[in-house]
Amino acid sequence: MPRAFVTGITGQDGQHLAEFLHGRGYDVYGMVKGQNNPKATLLQEEMPFVELVPGDLADLPSLVAALQIAQPDEVYNLGAISFVALSFSQAELTANITGLGVLRMLEAIRMVGGSDNNPIRFYQASSSEMFGKVRETPQTERTPFHPRSPYGCAKVFGHDIVVNYRESYGLHASSGILFNHEGPRRGMEFVTRKVTNAAARIKLGLQHELVMGNLDSKRDWGYAGDYVKAMWMMLQQDEPDDYVVATGKTHSIEDLVERAFAEVGIDNWQDYVRQDPKFYRPAEVDLLIGDPTKAKEKLGWEPEVEFPELVKMMVDHDLKREARRANIEL
Ligand code: NAP
């Protein structure tokens, strides 16, 4: 059985990837941080097949020890401080985990290595936030980076160090430049989930207002379940490389709000939504739209879930969840 080691296993993508790899017959090892991580307990209940291994991206020896336990064929580095807003208030932490954490993981791989004829393959979770103040539209693998947040800057470092280790040491190390991808497992702090959950709660009478930042920003939103497949596909290639993973379509945050409220039967969404500059980013990323041609042509990857279906999936999930928690019959 092939063996995979996943950092960020308790996050949205980690859970989708664990399910995907398990379905393909992998032994899945997931790294968890902290001495009593509540998300690890939940994960173990939902996915008992995942073997949890302790470790932290801030701590190189723990990464080496984790790899020695897992003895993986493939490493997926999804762990990060991943919330852009938090990266502004905790920039040093973000640089350390999201940026330097990649370097530590690569060093750990060099130390543990895997066997000579079966070296460890590495996937890095790069991000469309590296494009930031976009230099061209749509963005491709060749578009210059101009990050607009400490998160974006840390991801650029992570991305560049992967290229450097690939070229310097011949590692089979690939990066997926993933555009926003969402789903019912998205953290509540992220704008899509904040909106779908609020629409559900307002429908159920549990909440009366949704306070938002900039409604004009545009994002290229796909479904996380589709995107983890692209990660795996990259590591099945003979040669490592970098790939943009995106839908190629863009929607504004206002579109998202309108559609989420429409899903619960509310047409006058403006009556419930208030904008507050407190939620504006200090530096905004205006128009992210990716060109996934290379992923389509070289990997044979295609996104399957379209934006309307994605919003519906999330709203339906949140309606059921909130109703269950409040003992409301739907
Ligand atoms: P997420 O839900 O925020 O998950 C982040 C994961 O990182 C969590 O499992 C978290 O563990 C872990 N983590 C945080 N600090 C750590 C540390 N010091 N050591 C080890 N692990 C640590 O993120 P996601 O949406 O699944 O995204 C996965 C990756 O893709 C991230 O690197 C993200 O930046 C990147 N990405 C995401 C998107 C997107 O739209 N989702 C787009 C482009 C790139 P705890 O739960 O224990 O805190």
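One-based numbering, in listed order, for ligands and for the atoms of each.
- For a threshold of 3.5 Å applied to N or O pairs, the pair formed by M31 and ligand 1 contains no separation below that value.
- From the protein, the heavy atom lying nearest to atom 10 (C) of ligand 1 is T10 OG1, 4.0 Å.
- Given atom 4 (O) of ligand 1, the protein heavy atom at minimum distance is G11 CA, 3.4 Å.
- Checking only distances, D13 does come within under 3.5 Å of ligand 1, N or O to N or O.
- Interatomic distance, N96 CG to L103 CG, rounded to the nearest 0.5 Å: 10.5 Å.
- In K33, the part holding a heavy atom less than 4.0 Å from any atom of ligand 1 is the side chain.
- Separating the CZ atom in R142 from the CD atom in E136 is a distance of 8.0 Å, to the nearest 0.5 Å.
- Closest to atom 43 (C) of ligand 1, if we only count protein heavy atoms, is L178 O, 3.1 Å.
- Taking 4.0 Å as the cut-off between side-chain N and carboxylate O, K298 and E239 do not count as a salt-bridged pair.
- Among the atoms of A125, none of the N or O lies under 3.5 angstrom from an N or O of ligand 1.
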Would you please test R201 and E209 for salt bridge (Lys or Arg N to Asp or Glu O under 4.0 Å) and show each step?
-> CA-CA 10 Å; R201 287 176 58 81; E209 187 180 56; over 6 Å; no
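- Looking at ligand 1, you won't find any N or O of S127 less than 3.5 Å from one of its N or O atoms.
- Of the protein's non-hydrogen atoms, the one nearest atom 19 (N) of ligand 1 is L57 N, 3.0 Å.
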After noting the C-alpha distance and the side-chain angles of L17 and Y76, does the key distance pass the side chain to side chain contact (heavy atoms under 4.5 Å, CB included) rule?
-> CA-CA 9 Å; L17 183 64; Y76 295 85; 3.4 Å; yes
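- Selection from S62, S82, P38 by nearest heavy atom to atom 23 (O) of ligand 1 gives S82.
- For ligand 1, the polar-atom distance check against D56 finds a nitrogen or oxygen pair separated by under 3.5 Å.
- To the nearest 0.5 angstrom, F88 atom CZ is 5.0 Å from S149 atom OG.
- A side chain to side chain donor-acceptor pair (under 3.5 Å) with Y165 holds for exactly one of R110, E107, Q124; it is E107.
- Considering backbone and side-chain N/O atoms, A80 comes within less than 3.5 Å of an N/O atom of ligand 1.
- In the candidate list T192, L78, V84, L78 is nearest to atom 28 (C) of ligand 1, counting heavy atoms.
- By the criterion of a heavy-atom distance under 4.0 Å, the backbone of S126, and not its side chain, is placed next to ligand 1.
- Relative ring orientation between Y223 and H16 is described as perpendicular, the plane-to-plane angle rising above 60° on a 0-90° scale split at 30° and 60°.
- The hydrophobic cluster containing L67 does not contain V32, counting ILVMFWY residues as joined when their side-chain heavy atoms lie under 4.5 angstrom apart, directly or transitively.
- Atom numbering of ligand 1 starts at 1 in the shown order; those under 4.0 Å from a heavy atom of N180 are 40 (O).
- N37 ND2, 2.7 Å is the protein heavy atom nearest to atom 47 (O) of ligand 1.
- Not counting sequence neighbours, R3 has no partner by the salt bridge (Lys or Arg N to Asp or Glu O under 4.0 Å) test.
- Using cut-offs of 30° and 60° for the angle between ring planes, the H22 and F49 rings count as parallel.
- Here's the thing with S128: none of its N/O atoms is less than 3.5 angstrom from an N/O atom of ligand 1.
- Among all non-hydrogen protein atoms, the one lying nearest atom 6 (C) of ligand 1 is G8 CA, 3.6 Å.
- Both the backbone and the side chain of H181 come within contact range of ligand 1, each with a heavy atom under 4.0 Å.
- Within the model, atoms CE of M231 and OG of S175 stand 11.0 Å from one another, a figure rounded to the nearest 0.5 Å.
- The contact set between ligand 1 and K155, taken as ligand atoms under 4.0 Å from a residue heavy atom, comprises 31 (C), 32 (O), 33 (C), 34 (O), 35 (C).
- Residue nearest to atom 41 (N) of ligand 1, selected from R219, R186, E182: R186 (by heavy-atom distance).
- Classification of E141 and K294 as a salt-bridged pair fails, no side-chain N sitting under 4.0 Å from a carboxylate O.
- For a threshold of 3.5 Å applied to N or O pairs, the pair formed by F190 and ligand 1 contains no separation below that value.
- Given atom 2 (O) of ligand 1, the protein heavy atom at minimum distance is Q12 N, 3.0 Å.
- Remark: ligand 1 atoms within the under-4.0 Å shell around heavy atoms of I97 are 15 (N), 16 (C), 17 (C), 18 (N).
- Remark: I9 CD1 to K33 NZ distance equals 14.0 Å, nearest 0.5 Å.
- Looking at E129 against ligand 1, nothing comes within 4.0 Å, counting heavy atoms.
- Ring geometry for W221 versus F307: interplanar angle under 30°, hence parallel rather than tilted (30 to 60°).
- Counting heavy atoms closer than 4.0 Å to ligand 1, residue Y151 contributes side-chain atoms (C-beta onward) but none from N, CA, C or O.
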